[in-house]
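Side chains are part of it too, since the values below use all heavy atoms of this structure and drop only hydrogens, waters and symmetry mates.
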Amino acid sequence: MGVALSLGCLRVPQAGIWIAVRSLMLIAMWICYYLALPNLSLSAAAAAYYTLPIFITLFSAVFVGDSITAKGWAAVVLGFVGVLFILRPSAGDFNLYALLPLLAAMLYAGAMILTRTRCQSEHPVILSLALNLGFIIAGGIAACLIWQLPADMRQGFLLSEWTAMGWSEWVSMGLLAASILIGSIGAAIAYQNGPPAMIGAFDFAYVGFAVLWGIVFFNETPDLIASIGMIMIVGGGILSLRQ
């Protein structure tokens, strides 16, 4: 049985183009999200990103044909009001980087709908392998391009130079690699076998952990208005689960 499972994982995928598109969307999603983190608190970025169940609900209606109930529309409205509470676009210190987690949420939602509609028959290991190969290829291309840039342009999150890595950095990289591998396989299995709107709502545990780790590691405590916005977004996710 184990040999049969291994051979099944290694077969040539039938939805190769869609797997590639899915991988590109997820790579772009992570770039957008990580690009926002140096300019936002972890909790604010996480809350803005976790409008994704709202987008999944909307995309499910548009691309899959799922109907949106009154609770579903209430979830959409509540989630977007929560985003406005966090981003506060009328404030003088509005940060355009705050829009990047929203773009990341849209990309992730689209990728999960694609998983459900075009990649459902593909083995989750194949989907995860394609994604991680995409990371390697994108990283290699980016490294070559950055190496060609003048020294004064190699700055910031995307364009900074390579730095020396000690054993602790390599251990951290290994742990992160294992975590993303487990997460990508688990997400592929979940979205292949369950309603996208329902599975997406369970992702909201990330918001709570982001607030907790922001306080513990970065001394980031969200203010009252941002906290209300986070509660609204989580409430919207719960409504999308119950519709």
Please round to the nearest 0.5 Å and tell me the distance separating atom [atom1] of [X] and atom [atom2] of [Y].
X    : Y    : atom1 : atom2 : result
Y33  : L100 : OH    : CG    : 11.5 Å
I27  : I31  : CD1   : CD1   : 7.0 Å
M106 : F59  : CE    : CZ    : 4.5 Å

Sequence-distant partners of [X], side chain to side chain contact (heavy atoms under 4.5 Å, CB included), two or more places apart:
X    : result
V81  : V77, F85, M232
L103 : C32, L107
A111 : R22, M25, L26

Taking only distance into account, with no hydrogens and no angle test, what donor-acceptor pairs under 3.5 Å do side-chain atoms of residues 126-141 form with protein atoms, sequence neighbours excluded?
unit_1	atom_1	unit_2	atom_2	d
S128	OG	N132	ND2	3.4
S128	OG	S184	OG	2.9
N132	ND2	S128	O	2.8

To which residues is [X] joined in a hydrophobic cluster, defined by side-chain heavy-atom contacts under 4.5 Å among Ile, Leu, Val, Met, Phe, Trp and Tyr, whether direct or through other members?
X    : value
W147 : none
L24  : none
I182 : none

Handout entry: Close side-chain approach of L224 to I228, heavy-atom, < 4.5 Å
Key =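 A side-chain contact exists here, since the closest heavy-atom pair is under 4.5 Å.
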
Exercise for the section: Taking all heavy atoms of L102 and all of F55, pick out the closest pair and write down the distance. Expected result: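 Minimum heavy-atom contact is O-CE1, 4.1 Å.
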
Handout entry: Path from Y108 to Y34 over hydrophobic side-chain contacts below 4.5 Å
Key =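 Looking at the clustering, Y34 is in the same group as Y108.
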
Problem - Qualifying side chain to side chain donor-acceptor pair (under 3.5 Å) pairs, either residue in residues 165-175, two or more places apart - result: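 Applying side chain to side chain donor-acceptor pair (under 3.5 Å) to every pair that reaches into residues 165-175, excluding sequence neighbours, yields nothing.
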
